[in-house]
Every structure is written in C-alpha cells, then in structure tokens.
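Note sheet for the following structure.
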Protein chains: 2
Amino acid sequence: MGEAERAGPQGGEALLFLTDEQLRQGIEAMFFAYRGFTADPDRILATLSYGRAHHRAIHFIHCVPGTTVNNLLSILGVTKQSLNRVLRTLIADGLVESRVGRLDKRERHLYLTERGEGLERQLSDAQRARMRQAYRQAGPEAVAGFRKVLEAMMDSEQHRQYRALRDSR
Amino acid sequence: MGEAERAGPQGGEALLFLTDEQLRQGIEAMFFAYRGFTADPDRILATLSYGRAHHRAIHFIHCVPGTTVNNLLSILGVTKQSLNRVLRTLIADGLVESRVGRLDKRERHLYLTERGEGLERQLSDAQRARMRQAYRQAGPEAVAGFRKVLEAMMDSEQHRQYRALRDSR
DNA sequence: ACTTTACGTCAGCCTTGTTGACATTCCAAG
DNA sequence: CTTGGAATGTCAACAAGGCTGACGTAAAGT
C-alpha cells in the first residue's frame, strides 16, 4: 500500500484513482465534521449534566419505543453495565420509564416519558437544524453521495442495524 | 420546526424539501459510520494499550511535523492537561520527540520518531483501507458529495483548521 | 523590572467505557 | 416437579480520558 490506486473490486464500479492524500483529507473531514455534528447537542446536554451516552440512549429509545435493554445494547455497542448506569440516571430523573416485560419478566421495556420526549425533541431539533443547513448548503446530489459513502463505511453489522431502524419506520 | 421544509437560505441554492425523517436518517448514518471509521485503528491501539487520544496526537504530529503544543491543542480542541498526559506517554515510549524551539525557547516542537512514524503508518493504512473501500463502493460523484456535506457540517473554526491542514501540504 | 506567554505538573472531579459478582427469571432435561 | 443452565438485568469497582484550578519555570515582550 501507499501508492496511487486504480480499478475497483466491484465489477461494474467506476474506475477510481485514490491517492493517500485524497484519502487523508476524507479522514480529516470525518474527524472535524463529527465534532460539528455533536457540538449542538453537547452544549444542551452540558447544561443538564448529561453526556453523549444519555443522548444516544434517548435517541434510540425514542426511535424504538418499548425496546429491551439487550436490544439497545446491541445498537449502541457498549456493555450492559455501561448502559445501565446511564439508564439508571435517566429513570431516576423521570425521563425514561422501564416496564417489566409481560411475556418475559426478565426483560425491561424502555419508553420515554413526556419529559423524556421533550428533551429528545430539543436535542434532535438542534441536530437536525445543523443537518438541514449542511444539506441545503451542499445540495441534493451531494446529500445522496454523502449517504452512499457513509453506508459504505459501516461494518456489515452496523449497516444491518442502520437498515433495521430505517425500515422500522 | 417539525414540518417539512422548503427553500434554502442561500439565494442561488437548489430547492430542497427535507423531512425530519430524512434528516434523522442522516444523523443515524453519521453515528454508525463514525463507528466503522474508528473501528480499525481502535483495534490496533487496543493491543498497545493506547486510545483514540494517542491516535489523534500521532495523526496531527505526522501531518504537521514540528508543530508546537499550543498549536496541537487548538487543533484537537482539548485542554493542555489532557493532551499532556497523552504526550507524556508517547514521549516516554519513544514515539514522539519534543525539541525546544530555536527561535522561541519556550515552545516545544513535536516530531514523530521512526517508531512513531511506523505506528502512524500502521494506523493510517488501516483507516485509509476502509476509506478507499467506501469511496470505491460509492463512486466518485458520491465522494464529492460526501466531502461537500462534511465541510458544510463543520463549525467555521473547524473548517478553518481543516483547510489550513489541507493547504499546508 | 514587570507582565505576559508557553509549557509542564499536581490534585481532584466527572463521564463513560471496562470486568467481575450476583439476583432474577425462564426453560428444558431428568 | 425439580433442578441446572442460559438469559436478562443490577450493583461494585476500576481505568481512560475529558475537565477545572492552582502553581512553577523559563523565556519574551514592554
């Protein structure tokens, strides 16, 4: 590795010449953009002494109400102990409700309370505003390409989860 | 906010209808893709009991050899105490060299040693391989769009730093 | 001479990741 | 039916890596 590259592995794909320098720019763009991506929610969360972990939990509980702890675990890709600490504070603060499963009493089904939905709204409004601004500035074709590259960057497992969430709506 | 949106703030921009749902998908794509983006270096770093903080320092010292601590600080956006902890271990392990400035002796200029360059190479090879695969799979137009959206997502300060790095090569 | 700048370090805190130990519940084999 | 194992979730303790604040030192600037 190290030299310019030609050809692609997928038969019908376009020929692409990718220098290390072009790739490095993509890497740095990801780094800086992700900081921008999380900046607005981070500011809101800081005022409530919550962190990104709380945001992630709130986001996915909102998307899949009634999800179990185990399911949330596999989406977030952390240990159950780590998630539990976050959930405990969110439950204590009355943002999340945990209901014992009816069929399987070992399971806990998670729901946002009204206050939880309120915070979710506040956070996702901020993040969507940034996203909307970026999408508009870049234009519709750029957005399609953006999504395409991001999907290609995921591990297969992540891609599966991404589509699962997408299709569950 | 909350309903579909029309029109763009920039005069000549294309008309874009962006539903909350489309924006939410973009947000989740960023989340999952960033995990994929860091997965390969993380695996390598774990075997050396280093973390992402070390990776970031190594990356930018490689890009801007001889950079000062203060400069690195502003790029990484962390406190000097935080950075210093990481730098101390990298210097102790012989991956980074810190030279007193010739003109201004207060400054420390940072360089990767040969071993440091070796690790940088290993980490960036892994990350570039993922990037190259994603770029090829998505195609050249998608790549252009990808970069465009990421740049639009940065804060102005981040965008400034991104371009500064870009232009310094 | 005094102030400011650049850097290092110590102490202590918080968030968020980890592993280990444990309780509860379910299920299936005996 | 009982019992042992698997699945689910909770609590405890630790580590990494952020943060703030205080302080020291050396060099530059005024």
Student check: side-chain heavy atoms of A:Met131 and A:Val143 closer than 4.5 Å: no
Please name all residues satisfying side chain to side chain donor-acceptor pair (under 3.5 Å) with [X], sequence neighbours left out, ordered by chain then number.
{"X": "B:Thr89", "result": "B:His54"}
{"X": "B:Glu107", "result": "none"}
{"X": "B:Tyr50", "result": "B:Asp93"}
{"X": "B:Tyr162", "result": "B:Arg147"}

Between B:Arg99 and B:Glu97, does at least one N-O distance fall below 4.0 Å, as a salt bridge requires? yes
Charged N to carboxylate O under 4.0 angstrom, A:Asp125 versus A:Arg130? no
Parallel, tilted or perpendicular: ring planes of B:His55 versus B:His59, cut at 30 and 60 degrees: perpendicular
Please work out which of the three classes, parallel, tilted or perpendicular, describes the rings of A:Phe146 and B:Phe146, given edges at 30° and 60°. parallel
Residues at least two apart in sequence or cross-chain that pass side-chain contact (heavy atoms from CB on, under 4.5 Å) with A:Ser124, listed by chain then number, are A:Glu120, A:Arg128, B:Arg24
Residues which pass side-chain contact (heavy atoms from CB on, under 4.5 Å) with A:Arg106, listed by chain and number, not counting sequence neighbours: A:Asp104
Nucleotide C:dT16, atom P - distance to CZ of B:Arg52 in whole Å: 14 Å
Rounded to the nearest Å, what distance is computed from the CG atom of residue A:Leu90 to the P atom of nucleotide C:dT15? 12 Å
On DNA chain C, compare the nucleotides closest to A:Val86 and B:Ile91; which residue's is nearer the 5' end? B:Ile91
Looking for any heavy atom pair under 4.0 Å, which part of the strands does B:His109 touch: base, sugar-phosphate only, or nothing? nothing
From the 5' end of DNA chain D to its 3' end, which nucleotides mark the outer limits of contact with chain B, defined by a 4.0 Å heavy-atom distance cut-off (strictly under)? D:dG17 to D:dA28
Tell me, which pairs form a ring pair (Phe, Tyr, Trp, His ring centres under 6.0 Å) where one or both residues lie in residues 84-103 of chain B, sequence neighbours left out? none
Going by number, which of residues 64-79 of chain B have a non-hydrogen atom under 4.0 Å from DNA chain C? B:Thr68, B:Val69, B:Asn70
Tabulate below the donor-acceptor pairs under 3.5 Å that side-chain atoms of residues 72-83 of chain A make, not counting sequence neighbours, or state none.
from, atom 1, to, atom 2, distance (Å)
A:Ser74, OG, A:Asn71, O, 2.9
A:Thr79, OG1, A:Ser82, N, 3.4

Determine, for nucleotides 23-29 of chain C in 5'-to-3' order, which nucleotides have protein heavy atoms under 4.0 Å from the base (write B), from only the sugar-phosphate (write S), or from neither (write -). --BS---
Which letter, B, S or -, goes with each nucleotide of nucleotides 9-14 of chain C from 5' to 3', with contact meaning a protein heavy atom under 4.0 Å? BB----
